[in-house]
Amino acid sequence: TGSMSGQGASLDGSTSLNPNSFSRTGYTFAGWATSASATSPKYTDASSIPALTSELGASVTLYAVWKPNTYTIKFDANGGTGSMGDQSATYDKAAALSANKFSRDGYKFMGWSKTSSATSSDYAGGASVKNLTADNGVTITLYAVWASNTYTISFSANGGTGSMSGQGAS
């Protein structure tokens, strides 16, 4: 996004490029190329470049080259035990979350959340995620979501009289 005005250049010497003023969400500007399909830049931002043509009055287009941002996903046991390594991710590229390696006595793993106080998960274990952040080089923490391994025992008089309240159990 954004705009840049064209600039004049000399046929018989070098020209200093104007600094880039474009931006692209989730990407870092890498430099300029002479082809729209280039994956690596030929010229860096605001660099001095040689004449790109020998034709007087010609117009030459330089194309922005963008590199997708990378970030780290950190896993927090959120009351559980065990350890898990961090996972690298790249903007605009789907990746399956690492399998859960944490445990918590009396609880079942329900998935991952962006907040430590969540009672329901944003992502299932092993879920495919994409674009958890657009920022380059940051760490995103996902917290384990746990559900208590409990159930309720109900009592029936089965022909008898009286009543009893249900009881929780684990």
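Source: prediction; values computed, not measured.
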J.: Does any non-hydrogen side-chain atom of Ile140 lie less than 4.5 Å from one of Tyr71?
T.: yes
J.: Work out which heavy atom in Gly126 is nearest to a heavy atom in Ala96; give both atom names and the distance.
T.: O-CB, 3.7 Å
J.: Between Ser103 and Gly82 (side chain of the first, backbone of the second, donor and acceptor by atom type, cut-off under 3.5 Å), is there such a pair?
T.: no
J.: OG1 of Thr25 to CG of Asp135: how many Å apart, nearest 0.5 Å?
T.: 10.0 Å
J.: Quick one: does any side-chain atom of Trp146 pair with a main-chain N or O of Ala77 as donor and acceptor, under 3.5 Å?
T.: yes
J.: Counting C-beta onward and ignoring hydrogens, is there a side-chain heavy-atom pair between Thr119 and Val145 closer than 4.5 Å?
T.: no
J.: Given 3.5 Å as the limit, does a donor-acceptor pair link the side chain of Asp122 with the main chain of Lys114, or not?
T.: yes
J.: Does any part of the side chain of Arg104, heavy atoms only, come nearer than 4.5 Å to the side chain of Thr81, both counted from C-beta?
T.: no
J.: Compute the ring centroids of Tyr63 and Trp66, then answer whether they are less than 6.0 Å apart.
T.: no
J.: I'd like to know if Phe22 and Ile49 are part of one continuous hydrophobic network [Ile/Leu/Val/Met/Phe/Trp/Tyr, side-chain heavy atoms within less than 4.5 Å].
T.: yes
J.: Does the Asn78 side chain pair with the main chain of Ser116, one donor and one acceptor, at a distance under 3.5 Å?
T.: yes
J.: Quick one: CG on Leu132 to OG1 on Thr139, what's the gap to the nearest 0.5 Å?
T.: 12.0 Å
J.: Taking all non-hydrogen atoms of both residues, which atom of Gly162 and which atom of Ala157 are closest, and how far apart?
T.: O-CB, 4.3 Å
J.: Can you check whether Phe102's main-chain N or O pairs, donor with acceptor, with Asn100's side chain at less than 3.5 Å?
T.: yes
J.: Should Tyr43 and Thr34 count as side-chain neighbours, where that means a heavy-atom distance under 4.5 Å?
T.: yes
J.: Looking only at atom types and distance, does a side-chain atom of Asn69 sit under 3.5 Å from a main-chain N or O of Ala134, one as donor and one as acceptor?
T.: yes
J.: Quick one: does Ser14's side chain get under 4.5 Å of Pro50's, heavy atoms only?
T.: no
J.: Nearest 0.5 Å, what's the CE-OG distance between Met110 and Ser121?
T.: 6.5 Å
J.: Taking NZ in Lys67 as the centre, count heavy atoms belonging to other residues, nucleotides or ligands within less than 6.0 Å. Is the count above 12?
T.: yes
J.: Check the surroundings of atom CD in Gln7: do more than 12 heavy atoms from other residues, nucleotides or ligands lie under 6.0 Å from it?
T.: yes
J.: To the nearest 0.5 Å, tell me how far Leu142 CG sits from Thr115 OG1.
T.: 10.0 Å
J.: For the NZ atom of Lys74 and the OH atom of Tyr143, what is their distance to the nearest 0.5 Å?
T.: 8.5 Å
J.: Do you reckon Leu52 sits in the same ILVMFWY cluster as Leu11, going by side-chain contacts under 4.5 Å, direct or chained?
T.: no
J.: Going by heavy atoms in the side chains, are Ser98 and Met84 under 4.5 Å from each other?
T.: yes
J.: Go through it in stages, so that I can follow the logic: the residues are Tyr91 and Thr70, the test is side-chain contact (heavy atoms from CB on, under 4.5 Å), and I'd like the CA-CA distance, side-chain angles, deciding distance and then a yes or no.
T.: CA-CA 6 Å; Tyr91 193 82; Thr70 59; over 6 Å; no
J.: So, does Tyr123 use its side chain to make a donor-acceptor pair with the main chain of Ser128 at under 3.5 Å?
T.: no
J.: How close do Ala30 and Pro41 get, heavy atom to heavy atom, and via which atoms?
T.: O-CG, 3.4 Å
J.: Is there a donor-acceptor pair under 3.5 Å between the side chain of Thr15 and the backbone N or O of Ser10?
T.: yes
J.: What distance do Thr141 atom OG1 and Ile73 atom CD1 have between them, rounded to the nearest 0.5 Å?
T.: 10.0 Å
J.: Just so I know, are the side chains of Thr44 and Trp32 near enough to count as touching, which here means a heavy-atom distance under 4.5 Å?
T.: no
J.: So do Tyr27 and Val65 actually touch side chain to side chain, heavy atoms under 4.5 Å?
T.: no
J.: Report yes or no: does Asp86 contribute a side-chain atom to a donor-acceptor pair with the main-chain N or O of Thr72 at less than 3.5 Å?
T.: no
J.: Quick check: Phe75 with Trp112 (ring centres under 6.0 Å apart)?
T.: yes
